Amino acid sequence: MNIGFQRKTDLALRVMEELGEPGRKASGASLSRAIGTTTSFLPQVVAPLINRGWVTSERGPGGGYTLTPTARDASLFDVLEAVEGPAVDGQCVLRDQPCPGNESCQAHVVWTNAREVLINGLRTIPAVNTGERT
C-alpha cells in the first residue's frame with residue numbers, strides 16, 4: 001500500500017516553510033535551490049499556492065515570492081488539496097473506479113473511516129511553521 005504525497009505537494013509544503021519567516025522574499029532561483037527543484041518546475045509548484053492566495057509573485061529585479069498573511073491559516077490538508085485536488089473523490093479503493101454506493105467493496109467501511117481520520121489529522125497540522133510545533 002502506498003499512501004503518500006505527490007512530489008509537487010512535498011515541494012509546495014517546502015515553499016510554505018521556506019517563505020514562512022515574516023517579510024521573507026525569495027527569488028525564483030534561490031527558492032528553487034532551497035526546496036530542491038529546478039527554476040523551470042518552480043512555477044508549477046507555486047501556482048496552486050498563488051491561486052489560493054497564500055503566495056504572491058512579483059516579477060522583475062526586485063521581485064520574488066512572498067507568503068501572504070492568510071497562508072498562516074492553511075493546514076497541511078489545505079495544501080494537499082490545492083496541489084492534488086479533492087481528497088474525497090468517490091473512487092473505490094479496490095476497484096479504481098467510482099464507488100457504486102449500493103454495493104460496497106470489502107474495504108469500503110475501513111477505508112472510509114481511515115480516510116476520515118487521516119483528513120482530520122492533516123487539518124490540524126499548520127502548513128507554515130509558526131514556531132509552536134516541536
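Excluded from the calculations below are hydrogen atoms, water molecules and symmetry mates; all remaining heavy atoms, backbone and side chain alike, are included. Heads up: numbering here begins at 1 and tracks the sequence. Bear in mind the structure is a predicted one, so any value in this text is a computation, not a measurement.
- Between Glu17 and Leu13 there is no side-chain heavy-atom pair separated by less than 4.5 Å.
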**OP:** Show the numbers, then the answer: is there a side-chain contact (heavy atoms from CB on, under 4.5 Å) between Arg123 and Asn120?
**Re:** CA-CA 5 Å; Arg123 283 185 171 135; Asn120 289 337; 3.6 Å; yes
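- When all heavy atoms are compared, the tightest approach of Ile35 to Arg14 is O-NH1, 3.3 Å.
- Side chain of Glu84 to backbone of Gln6: a donor-acceptor contact under 3.5 angstrom is found.
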Side-chain donor-acceptor pairs under 3.5 Å in residues 74-81, sequence neighbours left out?
unit_1: Ser75; atom_1: OG; unit_2: Phe77; atom_2: N; d: 3.3
unit_1: Ser75; atom_1: OG; unit_2: Asp78; atom_2: N; d: 3.1
unit_1: Ser75; atom_1: OG; unit_2: Asp78; atom_2: OD2; d: 3.2
unit_1: Asp78; atom_1: OD2; unit_2: Ser75; atom_2: N; d: 2.8
unit_1: Glu81; atom_1: OE2; unit_2: Ala87; atom_2: N; d: 3.0

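- Interatomic distance, OG1 of Thr124 versus CG of Leu122, reported as 7.5 Å (0.5 Å rounding).
- The minimum heavy-atom distance between Gly36 and Leu11, with the atom names listed, is O-CD2, 4.3 Å.
- For the atom pair OG1 of Thr112 and CD of Glu116, the computed distance is 8.5 Å after rounding to the nearest 0.5 Å.
- The shortest heavy-atom contact between Leu31 and Ala26 is CB-CB, 4.1 Å.
- Of the possible donor and acceptor atoms, one in the side chain of Ser32 sits under 3.5 Å from a partner among the backbone N and O of Gly28.
- Arg24 contributes no side-chain N or O that, together with a main-chain N or O of Leu19, makes up a donor-acceptor pair within less than 3.5 Å.
- Taking OG1 of Thr37 as the reference point, atom CD of Gln44 lies at 8.5 Å (rounded to 0.5 Å).
- Taking NE2 from His108 and CG from Asn113, the interatomic distance works out to 9.0 Å, rounded to the nearest 0.5 Å.
- Side-chain atoms of Val128 and Pro126, non-hydrogen and from C-beta on, never get closer than 4.5 Å to each other.
- Separating the OG atom in Ser57 from the CG atom in Leu42 is a distance of 8.5 Å, to the nearest 0.5 Å.
- Expressed to the nearest 0.5 Å, how far CH2 of Trp111 lies from CD of Gln106 amounts to 14.5 Å.
- Side-chain atoms of Thr9 never come within 3.5 Å of backbone atoms of Phe5 as a donor-acceptor pair (strictly under, hydrogens ignored).
- With Arg72 contributing its side chain and Gly20 its backbone, the two residues share a donor-acceptor pair below 3.5 Å.
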Donor-acceptor contacts under 3.5 Å from residues 58-68 side chains, at least two apart:
unit_1: Thr66; atom_1: OG1; unit_2: Thr56; atom_2: OG1; d: 2.5
unit_1: Thr68; atom_1: OG1; unit_2: Gly53; atom_2: O; d: 2.5
unit_1: Thr68; atom_1: OG1; unit_2: Trp54; atom_2: O; d: 3.3
unit_1: Thr68; atom_1: OG1; unit_2: Thr70; atom_2: OG1; d: 2.9

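- When all heavy atoms of Ala82 and Pro48 are compared, the pair lying nearest together is O-CB, 3.5 Å.
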